[in-house]
Undergrad: 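This is the structure I want to talk about, given as structure tokens.
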Amino acid sequence: MNQLGMGQAVNQALREEMMRDSGVFIAGEGIGVGIMESPMLPTFGLLKDFGPERVKDTPVSEAAIAGLAVGAAAAGLRPVVEILFSPFFTLASDMIVNHAAKLRYLSGGKSTFPLVVRIKNASGHGAGCQHSHNLEAWAAHCPGLKVVMPSTPADAKGLLKSAIRDDNPVIFIENMALYFQPGPVPDEEYLTPIGKAEIKRQGKDVTVVAWSNMVGLALRAADQFSQEGVEVEIVDVRTLAPLDKETILASVRKTGRLVVIHEANRTGGFAGEISAIVMEEALASLKAPLRRVTGPDIPVPASPPLESFYIPNEENLISAIREII
Amino acid sequence: MNQLGMGQAVNQALREEMMRDSGVFIAGEGIGVGIMESPMLPTFGLLKDFGPERVKDTPVSEAAIAGLAVGAAAAGLRPVVEILFSPFFTLASDMIVNHAAKLRYLSGGKSTFPLVVRIKNASGHGAGCQHSHNLEAWAAHCPGLKVVMPSTPADAKGLLKSAIRDDNPVIFIENMALYFQPGPVPDEEYLTPIGKAEIKRQGKDVTVVAWSNMVGLALRAADQFSQEGVEVEIVDVRTLAPLDKETILASVRKTGRLVVIHEANRTGGFAGEISAIVMEEALASLKAPLRRVTGPDIPVPASPPLESFYIPNEENLISAIREII
Amino acid sequence: MQITKEKKIEMLRSMLLSRQFEDKLTELCKIEGKIPGMMILCTGQEAVGSGVCAALAPEDIIISNHRSHNHLLARGADPNALMAEIYGKRTGCNKGKSGTLHLAVPEVNALCTTTVVGGGPPIAVGTAFAQQYRKEESVTVCFFGDGAADEGSFHEALNLASLWRLPVIFVCENNLYAGAQRYEEHTKVKDIADRAIAYAMPGEVVDGNDVTAVYRAACKAREIAVSEKGPTLIECKTYRCHGHGEADLQLYQPKDEIAAWVEKCPIDKLRDEALSEGLISNDAYEEMNRKMNEIVENAVRFAEESPFPSPEEALEDVFVSSRIS
Amino acid sequence: MQITKEKKIEMLRSMLLSRQFEDKLTELCKIEGKIPGMMILCTGQEAVGSGVCAALAPEDIIISNHRSHNHLLARGADPNALMAEIYGKRTGCNKGKSGTLHLAVPEVNALCTTTVVGGGPPIAVGTAFAQQYRKEESVTVCFFGDGAADEGSFHEALNLASLWRLPVIFVCENNLYAGAQRYEEHTKVKDIADRAIAYAMPGEVVDGNDVTAVYRAACKAREIAVSEKGPTLIECKTYRCHGHGEADLQLYQPKDEIAAWVEKCPIDKLRDEALSEGLISNDAYEEMNRKMNEIVENAVRFAEESPFPSPEEALEDVFVSSRIS
Ligand SMILES: Cc1ncc(C[n+]2csc(CCOP(=O)(O)OP(=O)(O)O)c2C)c(N)n1
Ligand SMILES: Cc1ncc(C[n+]2csc(CCOP(=O)(O)OP(=O)(O)O)c2C)c(N)n1
Ligand SMILES: [Mg+2]
Ligand SMILES: [Mg+2]
């Protein structure tokens, strides 16, 4: 197995799917000629290899980029477009939410919209709240969209390949910090199914539900607890929509304790959905109150100590777990 | 007390605040000259009484409407702008979420953005999913915004007046069906505080948390249960952000049973937040699993039987309550 | 350009069908509870859709908006399926999901219809991109109103279409109103066609009540598009003879303005021309009219006799069951 | 228009300060970990902000973007507070919340700065509306790039500003690049100034490296604005001599193109003019240069010596404690 960063894994997925299916094209701001040319980045080299017909640099026009995807998908292609940073999801949100997600339903099932919107989130780079804002809960609250948030390079590759082959609109959210954390990626071709959580670590004492960059952090916290004899089970949901309720519920039924961790702001974050499901279906198994470890209810600040305060860290998770074991 | 519809109550609030403060102006699509001239509508007669300097009909340009509010507020006015229907919140969302909500923080507390965005939701009118889409959970997931969703004409008036005087951006969501359901509105001037829930009905057996058009429905369901000797307590949160946790928790601690009802889609809806809070802080009081009564995870369909299926009704609530008592 | 007799008869027929269809809807709307949702008609504007669609090949795509009946009928959509959809019936072209506002008929390449004002242009960019990508000799037509030309999405779409020389014809139906707002009250540019200059794209003003003029302009634009010279913006100057919707009392439209435009009826104009050129006899015209009436009456019967969808059908058609392989 | 000696000296000083400030930042960026976030400089574009701001009165408002240093310094912002903010220090103009990308200095009426490309124009509409509403004799200037002119928000804002004859000057800094994308690769219109036609607004192309030309154009536009004739679009043709950000290696910018534009340095141009006109002596110029250097060195010292905010300060400044009364 190769050791790749998530950007490289995404790059492989794009490359393989573009080779496999001539209907796949990519478009976005700076995805062909970019201001940074690094092999760690998702679209590195694709312009050279696939040419300007299939690798489309666009103007700074997020609504048009998303509209391009909706229309091209309606007409039978498989667009994979990029929204540079997640706060700019707002600018594409009419096209994504009112069109990509709804037009199939509005057609009475006659049309399909096989498109992928890749969105990068940039917390941890000191860029501030107009570049860093986790909006996955918005997308997950929208029927008609699938929402994928991989935590490892291997998952990113397998899930993106599935997303591109999926006949439904998929929002694929990449945390940019993960571009630079190498992990093993299988050599042979594989697909990772959308809608299946993965237990990234088995444990019997407490369940931590996590996704994206919070999974690695949870694994490190779990290692610490293990030394104390506390076994933390880590459920990486991988896709928020559809959500693999069964895996979450099974884990909570086993451990009786639940912590949900996400980088997004606390109030209205997707931890709420997970809590509600557990409270509906596994209340009797619960031995302790819920704990949420999340970004606080503030915009992401720019100054390093402030930004560090924003992003949940191992200590936050460790003390949350301690409170309920 | 007068019997007024919610549109009339909103109209009174706008009128009173415009008379009180010359910095208040209103803007939006068709708020001056509209396609419907009915005294039941929120902006009826305001153009005539306040003139075109303060009642601004705008082009169909939601980003500019929201930007108008942000800039005018930054420069010291108190704009009250209208987004015609809630799905078009998407088109204004960059201005609202990345600017109205964040610019004060980004200024380090130097600037203030005293603005109100009134948003109408139109479910129940057969207009379909591009006119009907409850997005309050999006707004409530955004630090820097207050989110108000009144259930009665009296609350609407008092809360809108508070919203206009508030120095923070407030999203004020009106359910259009309520425009035509009269209720008592006090004659004398009053303000209703933002951030305070109201127990709309006392009860000891089960807590129903509701807002907007779901409150009336919950009251009717509660009446039915009362005949069976089951006393339902109804907490009308009135504002989603800030959320009055204490009132919710006190009620759940008393009744031990919780149902949350909202018209928005189930997955990722704001019921999740309320569940999480209860699971964190009042788990031990719970005698039964949570029930959520919500719109299903589909876009709002147009055909009458389909749309009726979408919108939560008394029977849905009654059976949810029955499941846990 | 010489227009054949057949083409003129085709356009006359198409306008007549549209008029009859909508006159019937006007009638039906007066019956309380008969037609759900808003009823938005294009009475008097028939020359636009009928003229443009007459210039298209079957493989060409149209993207329509809230005022779609004429576009779809001119494109050859089945009147029965349209009428049934407007009634919200299961036999409707979208199974009752869309209702009158977002009628989509992929069978005739009316791929997407959106009631989000300005939603069409970015999607048209996408479908035209697919046509270009596959090197088809086909074009996309996007219909939208004068109001829509104030939305940001219009700007982004035209810029991108021009940049990539996409085969798209942007058809602005300037009917002098956007909702209750007169043209001069929503923009200061004299002709929307002048906006083409902002994208170095050809722009043309056409008499939108002269179907042959519209047809000619569309033929020319189509020729430009398929010869890889890119998009054209055509502005059709016409008039909304009814209110924005059938519930609109048109209080803000001067009576003599309406009367003057009713005089300029595009159907009468072409009929008189056809009669004087001897292309059709009076009897044949009446026969055609009768025939269209019969089609509409059949459609109404079909719609009336069709069943409503059962409520649970609302749950269908959100997602495609994926073809992951 | 005759430009006074004082004005020229003021502009020379303002450009020099900006250049020194940014040259220092270029240096600092080479020190690993010194400056958080992205560093986006306007080296070579100083004539735009310095020329425009020289034409403004203190009560005029400016709205800036990600490339803001020159705008703010030219407006009279305190270099210490700017530098400290760039460092992420508590003494920064925004207490470390904004960092370099959204520096706002309300003290000098630099009311809002947004790094959302295209975010400025709608906000400028709002501030200019407030100026008009209060019948002030002041204007708003909105600075944005050529790339921003492709965003939908630009279109909506210019249309509304023109419609309402708002006192705004839209200043497009066309520096030939939007990120890594050359001008001709993001739009086909030769001059952004031509987009003014789409709104029946005056548009002017100016040599953006000639500060006196910029100043003259701004004076003229200001005159139009305050005499209630509405907005102007000024396009300043200039060049981004550095990369998009300091980490950008400029691989896509032809070396000779850069060299040619470095030759056209706006500071050298004005200096030579001032020298040859006898407005300043060589010694005085060197003294001015030294003085600016001292200001910058002081600013760096101030920033270095200032404390970081403590982490919990992140929680402040989201909301104003309301003045409800
Ligand atoms: C984004 C958005 N904003 C507002 C509306 C409400 N609305 C529906 S039609 C309409 C007027 C559109 O005018 P125009 O584009 O000229 O089309 P016309 O109705 O005249 O055919 C408005 C404002 C909407 N549907 N979508
Ligand atoms: C809405 C949005 N999309 C994308 C970006 C990323 N981005 C930052 S600057 C920039 C280029 C802007 O070009 P231009 O407007 O010409 O300004 P310049 O950087 O040349 O001064 C881009 C794409 C952004 N900040 N905001
Ligand atoms: Mg119109
Ligand atoms: Mg630029």
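Quick caveat: nothing in here was measured; it's all calculated off a predicted structure. Residue numbers start from 1 in every chain, and the chains themselves are labelled A, B, ... in the order their sequence lines are given, proteins ahead of strands.
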Undergrad: So, taking the atom named CG in C:Asp317 and the one named CZ in A:Arg104, what distance separates them when rounded to the nearest 0.5 Å?
TA: 6.0 Å
Undergrad: At their closest point, which heavy atom of C:Phe129 faces which heavy atom of A:Ala72, and how far apart are they?
TA: CD2-CB, 4.4 Å
Undergrad: Can you tell which part of C:Phe319 gets under 4.5 Å to a heavy atom of chain A, answering side chain, backbone, both or neither?
TA: both
Undergrad: Between C:Val320 and A:Thr112, what is the shortest heavy-atom contact and its length?
TA: CG2-CG2, 3.6 Å
Undergrad: For the OG atom of C:Ser153 and the CE atom of A:Met95, what is their distance to the nearest 0.5 Å?
TA: 6.0 Å
Undergrad: Please classify the contact of C:Ala314 with chain A as side chain, backbone, both or neither, using a heavy-atom distance under 4.5 Å.
TA: both
Undergrad: Are there over 12 heavy-atom neighbours, none belonging to A:Lys110, within less than 6.0 Å of that residue's NZ?
TA: yes
Undergrad: Within this structure, what is the OG-NZ distance for the pair C:Ser98 and A:Lys102, rounded to the nearest 0.5 Å?
TA: 13.5 Å
Undergrad: Is there a side-chain contact between A:Pro79 and C:Tyr133, using heavy atoms and a 4.5 Å cut-off?
TA: no
Undergrad: Atom CD in A:Glu53, atom CH2 in C:Trp164: separation rounded to 0.5 Å?
TA: 11.5 Å
Undergrad: Pick one of side chain, backbone, both or neither for A:Ala69, based on which atoms fall under 4.5 Å of a heavy atom in chain C.
TA: neither
Undergrad: Answer with side chain, backbone, both or neither: which region of C:Leu111 has an atom nearer than 4.5 Å to a non-hydrogen atom of chain A?
TA: both
Undergrad: Select, from C:Gln131, C:Lys95, C:Arg134, the one with the greatest count of heavy-atom pairs under 4.5 Å involving chain A.
TA: C:Arg134
Undergrad: Rounded to the nearest 0.5 Å, what separates atom CG in A:Leu91 from atom CD in C:Glu156?
TA: 7.5 Å
Undergrad: Count the heavy-atom pairs under 4.5 Å between each of C:Gly120, C:Ala124, C:Cys93 and chain A, then report the option with the highest count.
TA: C:Cys93
Undergrad: With a 4.5 angstrom heavy-atom cut-off, could you sort out which part of C:Thr115 is near chain A: side chain, backbone, both or neither?
TA: neither
Undergrad: So which of A:Ile65, A:Asn98, A:Leu145, A:Leu77 has the biggest tally of heavy-atom pairs under 4.5 Å with chain C?
TA: A:Leu77
Undergrad: Counting heavy atoms not belonging to A:Glu37, are there more than 12 under 6.0 Å from its CD?
TA: yes
Undergrad: Quick one: which of C:Glu107, C:Gln132, C:Glu313 has the most heavy-atom pairs under 4.5 Å with chain A, could you say?
TA: C:Glu107
Undergrad: How close do C:Pro122 and A:Ala64 get, heavy atom to heavy atom, and via which atoms?
TA: CB-CA, 4.2 Å
Undergrad: Indicate yes or no: at least one non-hydrogen side-chain atom of A:Ser61 is less than 4.5 angstrom from one of C:Leu160.
TA: no
Undergrad: Taking C-beta and beyond as the side chain, do C:Glu316 and A:Tyr105 meet within less than 4.5 Å on heavy atoms?
TA: no
Undergrad: If every non-hydrogen atom of C:Thr127 is compared with every non-hydrogen atom of A:Gly71, which pair is closest and at what distance?
TA: CG2-O, 3.3 Å
Undergrad: For side-chain contact (heavy atoms from CB on, under 4.5 Å), just list the numbers for C:Leu163 and A:Thr58, CA-CA rounded to whole Å, side-chain angles, deciding distance to a tenth of an Å, and then say yes or no.
TA: CA-CA 9 Å; C:Leu163 183 69; A:Thr58 65; over 6 Å; no
Undergrad: Which one wins on heavy-atom pair count under 4.5 Å against chain A: C:Ala161, C:Ala157, C:Gly119?
TA: C:Gly119
Undergrad: Heavy-atom distance under 4.5 Å between the side chains of C:Asn159 and A:Pro59, does that happen here?
TA: yes
Undergrad: Go through C:Asn109, C:Leu103, C:Thr114 and name the one with the most non-hydrogen pairs under 4.5 angstrom from chain A.
TA: C:Thr114
Undergrad: Please round to the nearest 0.5 Å and tell me the distance separating atom CG of A:Leu106 and atom CG of C:Leu101.
TA: 10.0 Å
